[in-house]
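When a ligand or atom number is given, it counts from 1 through the structure's own listing order.
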Amino acid sequence: MNHTDPSDLSDLFASAKLQDAESEKPLPRCFALVPCAGSGSRAGTPMPKQYQQIAGKSMVMHTLAALQSVDRLENIVVVVSPNDAHVWPESNVQRLQCGGATRAESVFNGLTELLAIGVKDPEGVQATDWILVHDAARCLISEFEINRLIDACIDDEVGGLLALPMPDTLKAAVNGRVSETLPRHDKWLAQTPQMFRAGALHAALQAKALDNFEGITDEASAMEMAGFAPKLVVGSPHNFKVTYPSDFALAEDLLGSRK
Ligand code: C5P
């Protein structure tokens, strides 16, 4: 495992909160963190899928372009793998080479570094700021949807996530055969961005770090385990995560049609 060492950071983060209270900046602010350290093994691409070319540029650059179009985001930080050899000539986006073995670990490591930077630099992320975590592999996110999430969560105590109400009938399976039809009225498909207070999300992830982030498949699941009920904000079917080989053609068509 390759955790950024979080020891003793709690005190530093607590003092960051005090700095926030003393600063004259209107708070809270919104930052984006983009986990970009996956290998994309299901995609069948020769390189990590986030660097695969789609509609003229790498997938992650489409993702970043959407985030950069949102005025209310102070800064966008990308978490890449420590051995990431990708060349980024086209971008001055801040990158942290602290990705981990799982998505949760990448987000946790990135957040740990950002909060540690924020302790020394009041311009950096403070514990009370909002952090929007967005998958590099969701390159079809739009400015409109990101703003919808911010509008819905900025005054919320907990924060929330983009998600889609389950449109289809939901089946449980055993050995490739239906074992049960499940009620779908209360089921949603989680997307990103997911927007939480940086300090609260860091604490929720830290609580699962020694457990190898068991059961943490998104930020909301960490917050749920910490006892919170994240808000569900309707997203878009276009904001799918490019995962399988067939997803690339669909993403290419949709991005092409936007031009
Ligand atoms: O693999 P999957 O598509 O679920 O990954 C979702 C996002 O999390 C991608 O943007 C991927 O790069 C990122 N990720 C990461 N670190 C990992 C695994 C995935 O940053 N160890």
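Interface atoms of ligand 1 facing S106, defined by a heavy-atom separation under 4.0 Å, are 15 (C), 16 (N), 17 (C), 20 (O), 21 (N). Heavy-atom contacts of Q50 reach the following atoms of ligand 1: 12 (O) (cutoff under 4.0 Å).
The nearest heavy-atom contact from the protein to atom 1 (O) of ligand 1 is R42 NH2, 3.9 Å. Ranking the protein heavy atoms by distance from atom 19 (C) of ligand 1 puts G38 CA, 3.4 Å first. Nearest protein neighbour of atom 21 (N) of ligand 1, counting heavy atoms only, is G100 O, 2.9 Å. Protein heavy atom in closest approach to atom 20 (O) of ligand 1: A37 N, 2.8 Å. Scanning the protein heavy atoms around atom 4 (O) of ligand 1, the nearest turns out to be K241 NZ, 2.7 Å. Remark: minimum distance from atom 7 (C) of ligand 1 to any protein heavy atom is reached at D135 OD1, 3.4 Å. Nearest non-hydrogen protein atom to atom 10 (O) of ligand 1 is P35 O, 2.8 Å.
The option with the heavy atom closest to atom 3 (O) of ligand 1, from among K49, R103, R138, is K49.
In this model, no donor atom of one side chain and acceptor atom of the other lie less than 3.5 Å apart for E145 and N239.
When non-hydrogen atoms are compared, ligand 1 lies under 4.0 Å from the backbone of A101 (N, CA, C, O) but not from its side chain.
Relative ring orientation between W88 and Y51 is described as perpendicular, the plane-to-plane angle rising above 60° on a 0-90° scale split at 30° and 60°.
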Query raised in the report: Passes salt bridge (charged side-chain N to carboxylate O under 4.0 Å, His left out), R42 versus D247? Steps please.
Result: CA-CA 11 Å; R42 290 173 292 182; D247 293 338; over 6 Å; no

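Closest of all the heavy-atom pairs between A251 and F240 is N-CZ, 4.0 Å. When all heavy atoms of I141 and T192 are compared, the pair lying nearest together is CD1-O, 4.1 Å. Looking at every heavy atom in both residues, A222 comes nearest to I216 through CA-CD1, 3.5 Å.
Checked for salt-bridge contact, K208 and D211 meet the test: a charged N lies under 4.0 Å from a carboxylate O.
Not a single heavy atom of T243 lies less than 4.0 angstrom from ligand 1. In this structure, C36 has a heavy atom closer than 4.0 Å to ligand 1.
In the hydrophobic clustering of ILVMFWY residues, with side-chain heavy atoms under 4.5 Å counting as a link, L115 and M223 come out together.
The salt bridge (charged side-chain N to carboxylate O under 4.0 Å, His left out) contacts involving residues 216-226 comprise R103-E219, where partners must be two or more places apart or lie in separate chains.
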